[in-house]
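The structure appears below as structure tokens.
Order of the sequence lines sets the chain letters (A, B, ...), proteins ahead of strands, with each chain counted from 1.
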2 protein chains.
Amino acid sequence: MSTIKPTPAPTLRRLPKYLEYLHEAKRKGIASISCTTIANDLKLDSVQIRKDIGITGIVGKPKTGYNVDELIHSIEKHLNWDDMSSAILVGAGNLGKAFLGYENFKKYGLNIVVAFDKDRNKIDGNIFNVPILHIDKMVDLTYRMKIHIGIITAPADEAQEIAELMILSGIRAIWNFAPRHLDVPDNIYVENAELSSDISHIKRRLKEITDKEKKYSESN
Amino acid sequence: MSTIKPTPAPTLRRLPKYLEYLHEAKRKGIASISCTTIANDLKLDSVQIRKDIGITGIVGKPKTGYNVDELIHSIEKHLNWDDMSSAILVGAGNLGKAFLGYENFKKYGLNIVVAFDKDRNKIDGNIFNVPILHIDKMVDLTYRMKIHIGIITAPADEAQEIAELMILSGIRAIWNFAPRHLDVPDNIYVENAELSSDISHIKRRLKEITDKEKKYSESN
DNA sequence: ACATTATCGATATAATTATATCGATATAAA
DNA sequence: TTTATATCGATATAATTATATCGATAATGT
Ligand SMILES: NC(=O)c1ccc[n+]([C@@H]2O[C@H](COP(=O)([O-])OP(=O)(O)OC[C@H]3O[C@@H](n4cnc5c(N)ncnc54)[C@H](O)[C@@H]3O)[C@@H](O)[C@H]2O)c1
Ligand SMILES: NC(=O)c1ccc[n+]([C@@H]2O[C@H](COP(=O)([O-])OP(=O)(O)OC[C@H]3O[C@@H](n4cnc5c(N)ncnc54)[C@H](O)[C@@H]3O)[C@@H](O)[C@H]2O)c1
């Protein structure tokens with residue numbers, strides 16, 4: 001009956017940031033918290049935080065704010081982090097291996113249960129307790145395990161082919177770390193992890209700072 | 001004289017995507033390209049691409065589009081990728097090591113010249129030709145090398161302290177992979193690499209798909 | 001040479017997102 | 001008990017970002 005509320009993308013990007021802060025607050029023994037406080041600490045706007053938080057369905061109390069536990073629960077539920085999803089990873093190289101050992105993914109409701117590679121030297125071993133199997137086994141095994149999330153940490157030139165195999169495997173959402181556009185049907189969701197976008201921001205901001213300083217020193 | 005044009009953040013995020021596509025096109029021998037073509041291939045809006053591209057200063061020709069080489073150059077120049085920046089990395093663990101071996105960073109104008117760690121077993125070795133030194137040497141060395149970009153790939157609990165040391169080192173921009181908010185002065189730019197935000201999107205979208213299917217199968 | 005067409009740059013409109021304001025209310029202080 | 005205050009949720013306004021439209025122009029075909 002209920003229509004699926006389309007959470008704005010910017011909100012979806014900010015919510016994990018609040019969560020991280022709230023877990024930290026909880027660890028410090030803080031029981032309830034207001035948007036004003038969060039905003040001060042994270043240097044954000046309190047109205048925006050209130051709105052973001054409101055989207056998750058929780059209601060706060062005037063003067064007090066929100067109960068930290070309830071707030072954490074409300075956000076995690078909204079992000080679906082309370083419901084663990086299995087995922088496969090393809091490409092157990094430098095980046096892939098780092099991911100296999102990253103315990104935090106489980107906190108975000110993501111559990112990498114098996115990895116695949118084409119390098120025979122890497123397969124049949126375990127990295128951080130995650131088995132590494134040959135890529136040939138992916139389609140059948142993933143399909144039978146009903147896994148819907150695939151992570152690509154293989155070279156860019158292999159990414160499209162791997163994506164297509166993933167789709168055959170029943171994967172519905174692909175988290176792509178290879179710097180290559182994936183051409184997939186409309187019903188497959190691709191999240192591109194573009195580290196290069198971060199670098200754009202960093203370098204541009206740094207240029208602004210440098211230019212400003214140059215201008216300033218010239219005017220002296 | 002010229003005011004620093006403030007490129008919209010969404011544009012800054014999209015430009016690297018175009019670049020990646022354009023390099024691929026160039027490799028295929030394509031000499032000139034139109035926004036319509038790019039839009040079709042990347043499944044984006046051509047007007048948006050034209051606007052993004054226009055911000056970098058290039059002018060195209062009606063009916064033809066843009067020269068691929070010139071377009072690549074215009075975007076890379078705008079992103080400051082043609083001008084290599086040195087960076088330091090702190091925390092040569094799983095993720096940090098992967099980064100040290102990642103050749104693409106250089107294409108984005110980012111060169112990690114030295115890494116620091118506090119684990120004596122890791123220091124004084126080289127990983128992918130990048131020297132690993134003890135964290136105690138960071139402030140002095142970084143300051144003397146005039147490096148302005150710092151990457152944090154150390155545990156979250158250490159992140160704030162490392163950030164403060166980085167600021168002492170003359171670092172102006174911090175790329176933070178630790179899931180922790182950094183409290184820094186206004187003149188320091190922090191780019192938080194929130195992998196958890198990507199997961200939010202993936203899990204939410206997957207939930208939408210699943211819910212829709214459930215609804216559909218119930219109505220049958 | 002002239003018409004046709006694809007695409008450009010610019011401008012106008014629409015949609016989304018962020019911020020400011022305001023009445024209501026729970027807590028704390030007078 | 002009454003008053004002051006911080007914060008909430010809702011609503012209104014402003015800013016940013018995305019999309020649609022249009023005249024101008026370079027290439028192509030008649
Ligand atoms: N290393 C980084 O820091 C980093 C950062 C951002 C993005 N990336 C991207 O992530 C990807 C992996 O980077 P990396 O540094 O880990 O590279 P890597 O070479 O260390 O690892 C790639 C792995 O993929 C495997 N592989 C290759 N083709 C395959 C196939 N068809 N099927 C299955 N496995 C296959 C290889 O055997 C190897 O183990 C690349 O696309 C890279 O651009 C890497
Ligand atoms: N591994 C991943 O896939 C991944 C993904 C996203 C974010 N992260 C984040 O990146 C950070 C590193 O993750 P990891 O998996 O590589 O952890 P890790 O434990 O493998 O590496 C951390 C490294 O930091 C070093 N270190 C600790 N304290 C230090 C200090 N004060 N100064 C200098 N070095 C110090 C350690 O000696 C270790 O080598 C963590 O904050 C993690 O949450 C990791």
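Note on residues 57-67 of chain B: no pairs pass side chain to side chain donor-acceptor pair (under 3.5 Å), not counting sequence neighbours. Sequence neighbours left out, not one pair with a member in residues 179-204 of chain B passes ring pair (Phe, Tyr, Trp, His ring centres under 6.0 Å).
With sequence neighbours left out, the side-chain contact (heavy atoms from CB on, under 4.5 Å) criterion links A:H73 to A:K77. Listed by chain and number, the residues in a side-chain hydrogen bond (donor to acceptor under 3.5 Å, both in side chains) with B:D45 amount to none (sequence neighbours excluded). Applying the side-chain contact (heavy atoms from CB on, under 4.5 Å) test to A:P8 and every residue at least two apart in sequence or in another chain returns A:P10, A:T11, A:I55. Take A:K207 and apply the salt bridge (Lys or Arg N to Asp or Glu O under 4.0 Å) test, not counting sequence neighbours, and it matches no residue. Under the rule for a side-chain contact (heavy atoms from CB on, under 4.5 Å), the partners of B:V139 that lie at least two apart in sequence or sit in another chain are B:L165, B:L168, B:S169. For the side-chain contact (heavy atoms from CB on, under 4.5 Å) test, residues two or more places apart in sequence or in another chain that qualify with B:K26 are B:V68, B:D69, B:I72. Here A:F177 pairs with A:F99, A:W175 under the ring-ring contact (aromatic ring centres under 6.0 Å, His included) rule; sequence neighbours left out.
Within 6.0 Å of CD on B:E164 lie more than 12 heavy atoms contributed by other residues, nucleotides or ligands.
Residues from residues 19-27 of chain A that place a heavy atom under 4.0 Å from any atom of DNA chain D: there are none. Residues from residues 67-74 of chain A lying near DNA chain C, meaning a heavy-atom separation below 4.0 Å, are absent.
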Problem set entry | Heavy-atom protein contacts under 4.0 Å, nucleotides 8-22 of chain D, coded B base, S sugar-phosphate only, - none | BB-------SBBB--

